[in-house]
Amino acid sequence: MSDAVLSQFKQAEKEEKKAVDRKLRIGIIGTGSIAGGHTSNYLKQDDVELVAACDIVPGKAQTHLEYYFHHYGTHYYTDYKEMIEKENLDGVSVCTYNTQHAAPTIYCLEHDIPVLLEKPFTVTLEEAEAVCRAEKKSKAFVSVGFQPRFNENMRLIKEIVESGTLGKIYYIQTGGGRRRGIPGSTFIEKSTGGIGALGDIGCYSLDMVLNAIGYPKPLTVTGYTSDFFGKNPKYYDESERFSVDDFAAAFIRLEGGVILDFRISWAMHPDSPGDTILFGTEGALRIPATDCWNGSVGGPMILYHDVLGQKKATEVPLLSSSDCFALKVRYFLDAIKTGGPSPIPTSQIIYNQAIIDGIVKSAELGREVEIKISEDVL
């Protein structure tokens with residue numbers, strides 16, 4: 001190797017190391033309530049400089065950041081395109097309302113900027129496919145904000161499945177809900193939320209079991225949605241604005257012969273639509289529901305299996321877990337430094353979004369629908 005080539009190689013290596021070692025320049029698009037978790041966790045990192053924030057409401061981005069810290073060098077915008085063009089960012093959190101997830105994410109990817117995208121991935125499958133196409137053309141990546149994935153108990157569920165203790169999984173019932181837990185703000189209108197309980201907490205419930213079994217491809221779905229509580233002033237004060245689902249259920253066929261029986265709710269009369277149960281040929285795992293489902297486990301899990309011909313029920317104690325939101329942010333930053341891979345990749349969550357999209361379409365049509373994902377995004 002010539003001295004000139006070696007010198008160029010050493011210089012490139014030096015520049016790459018410098019890029020890794022310096023503080024990462026981070027921006028936030030959308031400064032509603034969920035952005036607080038991003039902002040507060042970015043500010044805890046020694047290797048991050050929060051340099052810009054954007055919100056379409058004038059003054060909102062500045063008010064948001066000034067609530068958390070006084071940094072007079074931070075820039076505020078009402079146009080995310082202007083922010084991207086001017087700030088030379090290393091990463092962006094997209095925290096807009098649901099129907100605006102896709103556009104800023106795609107714009108960031110077109111500028112090779114990694115994105116931490118809040119859940120749900122998008123509202124429709126078509127939007128999710130557009131993000132995936134942009135990601136494939138980009139040097140950057142998207143990590144979808146499913147922080148329950150980092151809960152130690154969620155990891156334990158996956159380990160139990162992968163150990164073979166349950167045998168072949170053939171049927172799963174899952175879901176979650178709240179007896180009374182309809183949020184407000186942009187969540188409840190179709191123009192901003194797009195989808196209701198399905199997108200807010202349903203995506204978490206699906207991810208819990210789909211991730212555990214390796215995210216098989218969804219094939220068909222028969223879905224149902226309703227809005228009996230959200231539109232009833234007896235149960236919800238903002239019923240006149242409510243235009244999304246507050247309950248959804250579905251029967252989903254997955255590749256590999258797995259059946260998924262799913263229910264999710266923002267409001268209902270029982271405390272829960274039921275525990276999650278993974279049915280396997282060699283055993284079953286019961287995952288207790290919580291009173292106000294938010295992507296956690298409601299108590300010790302139960303493993304049903306046979307030992308020497310005797311039916312046994314073994315309690316699986318809950319593990320203590322770290323701050324999952326903080327881990328979501330930290331793993332995103334680490335992936336920026338290493339160039340990926342994405343901590344929670346779109347290649348998995350496209351299936352999650354396809355199911356949600358299928359539930360909505362099936363409910364509208366009143367029949368089973370086939371889930372079709374464009375081959376170019378898989």
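The analysis underlying the following values was restricted to heavy atoms, covering all of them including side chains, and did not include hydrogens, waters or symmetry mates.
Residues Y97 and E189 bring no donor and acceptor atom of their side chains to less than 3.5 Å of each other. Under the 3.5 Å distance criterion, with hydrogens and angles disregarded, a donor-acceptor pair is assigned to the side chains of H38 and S93. For the residue pair Y80 / T96, no side-chain donor-acceptor distance below 3.5 Å is found, with atom types taken as modelled. With hydrogens and angles left out, the side-chain atoms of D112 and S138 include a donor and acceptor closer than 3.5 Å. In summary, the side chains of Q147 and Y331 do not present any donor paired with an acceptor at a separation below 3.5 Å, with no hydrogens or angles considered. Judged purely by distance below 3.5 Å, without hydrogens or angles, the side chains of D55 and Y76 never pair a donor atom with an acceptor atom. Between the side chains of H305 and T165, not a single donor N or O lies within less than 3.5 Å of an accepting N or O.
Taken from OH in Y236 to CD1 in I188, the straight-line distance is 3.5 Å, to the nearest 0.5 Å. Between atom CD1 of residue I113 and atom CG of residue L89 there is a gap of 5.0 Å, rounded to the nearest 0.5 Å. Interatomic distance, CD of E152 versus SG of C324, reported as 8.0 Å (0.5 Å rounding). The distance from the CG atom of L254 to the OG1 atom of T220 is 8.5 Å, given to the nearest 0.5 Å. Atom NZ of residue K234 and atom OG of residue S239 lie 12.5 Å apart, to the nearest 0.5 angstrom. For the atom pair CD1 (I356) and CZ (F262), the distance works out to 7.0 Å, reported to the nearest 0.5 Å.
Under the 6.0 Å distance and 45° angle rule, K119 counts as a cation-pi partner of Y204.
Residues Y351 and F251 do not share a hydrophobic cluster, defined by chaining ILVMFWY side chains whose heavy atoms lie under 4.5 Å apart. In this structure, L365 is a member of the same hydrophobic cluster as V244, with clusters built from ILVMFWY side-chain heavy atoms closer than 4.5 Å. The cluster map of Ile, Leu, Val, Met, Phe, Trp and Tyr, joined by side-chain heavy atoms under 4.5 Å apart, puts V142 and V377 in the same cluster. Linking ILVMFWY side-chain heavy atoms closer than 4.5 Å, directly or via other members, places Y215 and I213 in a single hydrophobic cluster. Under a hydrophobic clustering in which Ile, Leu, Val, Met, Phe, Trp and Tyr are joined whenever their side-chain heavy atoms come within less than 4.5 Å, directly or via other members, L303 and L156 fall into the same cluster.
Of the candidates R22, R25, R330, D47 forms a salt bridge (charged side-chain N to carboxylate O under 4.0 Å, His left out) with just one, namely R330.
Taking the side chain as every heavy atom from C-beta outward, F332 and P114 approach each other to under 4.5 Å. At least one side-chain heavy atom of L206 sits less than 4.5 Å from a side-chain heavy atom of L260. P341 has its side chain out of reach of F141: every pair of non-hydrogen atoms, C-beta onward, lies at least 4.5 Å apart. In this structure the side chain of F150 never reaches within 4.5 angstrom of the side chain of M154, judged on heavy atoms. Residues P183 and W266 are in side-chain contact: their nearest non-hydrogen atoms beyond the backbone lie under 4.5 Å apart. Contact annotation: the side chain of I350 approaches that of E129 to within less than 4.5 Å [non-hydrogen atoms, C-beta and beyond]. Inter-residue side-chain proximity for H269 and F229 is flagged as met; some heavy-atom pair is nearer than 4.5 Å. No side-chain heavy atom of K137 sits under 4.5 Å from any side-chain heavy atom of L109.
Proximity of a side-chain donor or acceptor of N98 to a complementary backbone N or O of V123 within less than 3.5 Å is not detected. Judged by distance alone, with hydrogens and angles left aside, the side-chain atoms of H101 form no donor-acceptor pair with the main-chain N or O of L117 at under 3.5 Å. Judged by distance alone, with hydrogens and angles left aside, the side-chain atoms of D245 form a donor-acceptor pair with the main-chain N or O of G196 at under 3.5 Å. Side chain of E282 to backbone of G164: no donor-acceptor contact under 3.5 angstrom is found. Distance alone, capped at 3.5 Å, places no donor-acceptor pair between the S185 side chain and the F187 backbone. Under a 3.5 Å cut-off, the side chain of S362 and the backbone N or O of G223 do form a donor-acceptor pair. Side-chain N or O atoms of K158 include none that pairs as donor or acceptor with a backbone N or O of R149 at under 3.5 Å. Side chain of Q348 to backbone of P345: no donor-acceptor contact under 3.5 angstrom is found.
Remark: K190 NZ is loosely packed, at most 12 non-hydrogen atoms of other residues, nucleotides or ligands lying under 6.0 Å away. Within a 6.0 Å radius of CD in E315, other residues, nucleotides and ligands contribute more than 12 heavy atoms. No more than 12 heavy atoms of other residues, nucleotides or ligands sit less than 6.0 Å from atom CZ of R253. Around atom NZ of K139, no more than 12 heavy atoms belonging to other residues, nucleotides or ligands sit under 6.0 Å away. Counted within 6.0 Å of OH on Y171, heavy atoms from surrounding residues, nucleotides or ligands total more than 12; the atom is thus considered enclosed. Few gaps surround CG on D306; more than 12 heavy atoms of other groups in view lie less than 6.0 Å from it.
The shortest non-hydrogen separation linking S191 to T99 is O-OG1, 2.9 Å. Contact between A35 and I28 at its shortest, heavy atoms only, is CB-CG2, 4.3 Å. Considering every non-hydrogen atom in both A326 and N41, the closest pair reads CB-OD1, 3.2 Å. Counting all heavy atoms, side chain and backbone alike, N153 lies closest to N151 at N-OD1, 2.7 Å. Here the closest heavy-atom approach between residue P218 and residue A354 is recorded as CG-CB, 4.4 Å. Counting all heavy atoms, side chain and backbone alike, T174 lies closest to S205 at OG1-OG, 3.4 Å.
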Could you walk me through whether Y107 and E85 pass the side-chain contact (heavy atoms from CB on, under 4.5 Å) check? CA-CA 10 Å; Y107 196 79; E85 297 289 348; 2.6 Å; yes
Test T63 against E66 for side-chain contact (heavy atoms from CB on, under 4.5 Å), laying out the working first. CA-CA 5 Å; T63 300; E66 286 181 349; 5.6 Å; no
What verdict does the side-chain contact (heavy atoms from CB on, under 4.5 Å) test give for I259 and D261, after you've listed the backbone C-alpha separation in whole Å, the side-chain angles of each residue and the deciding distance to 0.1 Å? CA-CA 7 Å; I259 301 299; D261 180 359; 5.5 Å; no
For Y42 and F69, what are the C-alpha separation, side-chain angles and deciding distance, and is it a side-chain contact (heavy atoms from CB on, under 4.5 Å)? CA-CA 11 Å; Y42 282 134; F69 77 128; over 6 Å; no
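For the pair K361 and E364, the salt-bridge criterion is not met [side-chain N within less than 4.0 Å of a carboxylate O]. With salt bridges taken as basic N to acidic carboxylate O contacts below 4.0 Å, one links E118 and K328.
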